[in-house]
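Here the structure comes first, spelled out in structure tokens, and everything after it is commentary.
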Number of protein chains: 2
Amino acid sequence: MSSPRKISDSTVRRLSSYLRTLDSLRARGHDTVSSVHLAAAGGLTPAQVRKDLSFFGSFGVRGRGYDVHVLRGEIARILGLDRKWSTVVVGAGRLGSALASYPRFSRQGFRIVALFDNDSERLGTRIGDAEILPATELESYVRQHEVSFGILTTPASAAQETADRLVAGGIRGILNFTPTVPEVPETVHLRNVNLTIELEGLSFAIREAEIREGPQEGESD
Amino acid sequence: MSSPRKISDSTVRRLSSYLRTLDSLRARGHDTVSSVHLAAAGGLTPAQVRKDLSFFGSFGVRGRGYDVHVLRGEIARILGLDRKWSTVVVGAGRLGSALASYPRFSRQGFRIVALFDNDSERLGTRIGDAEILPATELESYVRQHEVSFGILTTPASAAQETADRLVAGGIRGILNFTPTVPEVPETVHLRNVNLTIELEGLSFAIREAEIREGPQEGESD
DNA sequence: ACTTGTGAACTGTTTCACAGCA
DNA sequence: TGCTGTGAAACAGTTCACAAGT
């Protein structure tokens with residue numbers, strides 16, 4: 001009766017990964033796929049795949065597996081990819097411009113409709129289909145064009161103010177690339193991506209490995 | 001006696017966040033900080049902060065808190081940020097170029113020493129301190145300059161081959177921005193960043209909220 | 001009095017193992 | 001027979017609560 005309730009972030013991330021695997025299977029002409037195969041492609045276990053999908057329904061056929069096309073459609077729907085999401089990028093520096101023209105965003109229905117920046121040098125330039133507009137117009141643009149998502153790539157110092165303007169305009173979600181975490185009302189979904197953390201994770205892992213293998217003075221025991 | 005063993009990814013990510021908080025405290029002239037304050041800045045609980053740190057040692061003083069400068073140094077050391085890590089970017093498109101000039105990487109000791117690309121139009125251009133070199137030289141460059149990390153921003157179709165070249169050159173870690181997951185030996189640390197997944201997480205969250213709040217026909221209960 | 005460091009309790013996630021169905 | 005869907009078991013991560021140190 002009731003719809004899925006508390007789905008973990010890990011499950012949602014894995015759904016995205018299944019979607020990509022299904023895309024690739026579809027491109028190669030496969031019609032059905034088992035949880036074993038779906039798991040192998042993403043380095044997961046079959047039970048994990050079945051459990052993840054079971055939160056949302058019964059999409060497979062016992063003894064047979066999943067229909068690639070059907071499952072792809074179901075996951076796309078679950079992830080909300082069956083619609084177009086208008087998206088703006090705030091901060092038209094190198095990272096913002098790169099993200100604005102990132103082809104995989106538009107392919108999944110995230111349509112970059114405009115960029116915003118304070119630097120008057122940059123105004124009017126087009127990035128893909130989108131134009132760079134003055135940041136002062138952010139709130140009214142978001143409201144008038146019913147923009148769903150804002151991608152934040154401003155300097156850290158402007159992050160909170162920019163988030164406030166997005167929220168004032170009625171934004172639904174913010175993907176934040178700045179190293180600060182802006183305060184937003186809980187009706188607005190916030191997701192933080194910190195590229196430095198990813199590299200720090202690598203350097204930590206290497207340092208750990210060195211400690212473990214470590215003191216290679218003389219022989220090991 | 002023995003060093004920390006299995007540290008969870010979440011703990012490592014939080015350490016990175018503590019580091020940024022400490023940087024900001026230091027800049028504002030604070031000398032000591034309690035787990036309560038350190039937690040509040042990152043939206044965590046004090047117990048979490050103390051537990052995370054306890055995996056690595058006892059850095060605080062009971063009744064008093066942590067010395068901002070000392071703790072910052074300890075965390076930087078734990079994360080391996082007390083050294084310089086030579087890093088190359090493979091794929092000098094918009095995203096690769098943006099990452100190569102991302103100021104926060106160099107600030108944490110990740111020094112971008114070169115970019116690599118197949119497109120001869122791009123060769124020789126400088127991005128920050130680094131030059132764009134032909135991808136054919138990747139393996140020998142990595143070996144000769146003892147490069148630690150490779151950031152992968154090639155098209156998906158070139159990801160595995162590029163990862164192979166990095167591995168052959170003796171790379172220690174790969175930060176992969178392509179939507180495929182390349183196979184690497186387990187001595188090489190791999191971290192995948194998928195920007196589309198982050199936006200999909202947002203659209204999922206909004207769709208979920210709609211289902212919950214959902215049928216706003218009539219009154220709610 | 002105050003705040004850390006940590007075992008113990010709790011909560012959440014993953015894996016197991018098998019009943020149910022094609 | 002083969003593979004899904006799912007409770008139950010195992011494991012991992014978080015929070016609690018308090019002894020210990022200054």
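First the proteins, then the strands, lettered A, B, ... as listed; each starts at 1.
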Does a side-chain N or O of A:Arg50 approach OP1 or OP2 of C:dT15 to a distance below 4.0 Å, or not? no

Quick check on C:dC2: is either OP1 or OP2 less than 4.0 Å from any side-chain nitrogen or oxygen of B:Tyr66? no

Could you give the [atom1]-to-[atom2] distance, from [X] to [N], as a whole number of Å?
| X | N | atom1 | atom2 | answer |
| --- | --- | --- | --- | --- |
| A:Arg14 | C:dT13 | CZ | C1' | 8 Å |
| A:Arg64 | D:dG5 | CZ | C1' | 17 Å |
| A:Gln48 | D:dA10 | CD | P | 18 Å |
| A:Leu71 | D:dT4 | CG | C1' | 12 Å |
| A:Arg62 | D:dT4 | CZ | C1' | 5 Å |
| A:Leu44 | C:dT15 | CG | P | 8 Å |

Pick the closest DNA chain C nucleotide for B:Ala47 and for A:Asp9 by heavy atoms, then say which residue is nearer the 5' end. B:Ala47

Closer to the 5' end of DNA chain C via nearest nucleotide, is it A:Thr11 or B:Gly60? B:Gly60

Under 4.0 Å between a side-chain nitrogen and a carboxylate oxygen: does that hold for A:Arg165 and A:Glu139? no

Measure from the side-chain heavy atoms of [X] and tell me the nearest of [options].
| X | options | result |
| --- | --- | --- |
| A:Ser54 | D:dA17, C:dT3, D:dG5 | D:dG5 |
| B:Lys51 | C:dG5, D:dT15, D:dG13 | D:dT15 |
| A:Ser8 | D:dT15, C:dT13, D:dT22 | C:dT13 |

Is it true that a side-chain atom of B:Thr153 and a backbone atom of B:Gly91 form a donor plus acceptor pair closer than 3.5 Å? yes

